[in-house]
Amino acid sequence: MAEHAAAPAHEEYRGPEGWAQVQRHGTWLTREELLAFMREYHALLDRYGHPREEAPDGARPVLMRFYAVPEPVVPESTSP
């Protein structure tokens with residue numbers, strides 16, 4: 001489903017004020033910082049999101065997918 005939603009998001013993206021928003025970012029975090037970030041992310045969803053029956057006029061269903069995945073650990077090469 002995520003791939004199905006991603007293609008239209010890229011096609012519909014009309015800049016920072018449009019309905020479709022696309023964001024990519026990379027950073028360095030500790031595990032504890034990542035977990036704290038996820039708590040804040042959930043708090044934002046609770047703050048700004050609405051159940052269908054309580055959604056204000058003009059609200060649309062929005063598919064949101066968030067993946068936080070550490071890059072694979074690449075062993076350092078040992079040069080002679």
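Residues take their numbers from the sequence shown, with the count starting at 1. Below, each value reflects all heavy atoms present in this structure, side chains not excepted, and no hydrogens, waters or symmetry copies.
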With sequence neighbours left out, what residues match Pro56 under side-chain contact (heavy atoms from CB on, under 4.5 Å)? His50, Ala59
Residues at least two apart in sequence or cross-chain that pass side-chain contact (heavy atoms from CB on, under 4.5 Å) with Pro61, listed by chain then number, are none
Per-pair distances, 0.1 Å, donor-acceptor, side chain in residues 27-46, under 3.5 Å, sequence neighbours excluded:
{"unit_1": "Thr30", "atom_1": "OG1", "unit_2": "Glu33", "atom_2": "N", "d": "3.0"}
{"unit_1": "Thr30", "atom_1": "OG1", "unit_2": "Glu33", "atom_2": "OE1", "d": "3.3"}
{"unit_1": "Glu33", "atom_1": "OE1", "unit_2": "Thr30", "atom_2": "N", "d": "2.8"}

Near Tyr48 OH, under 6.0 Å, is it more than 12 heavy atoms from other residues, nucleotides or ligands? no
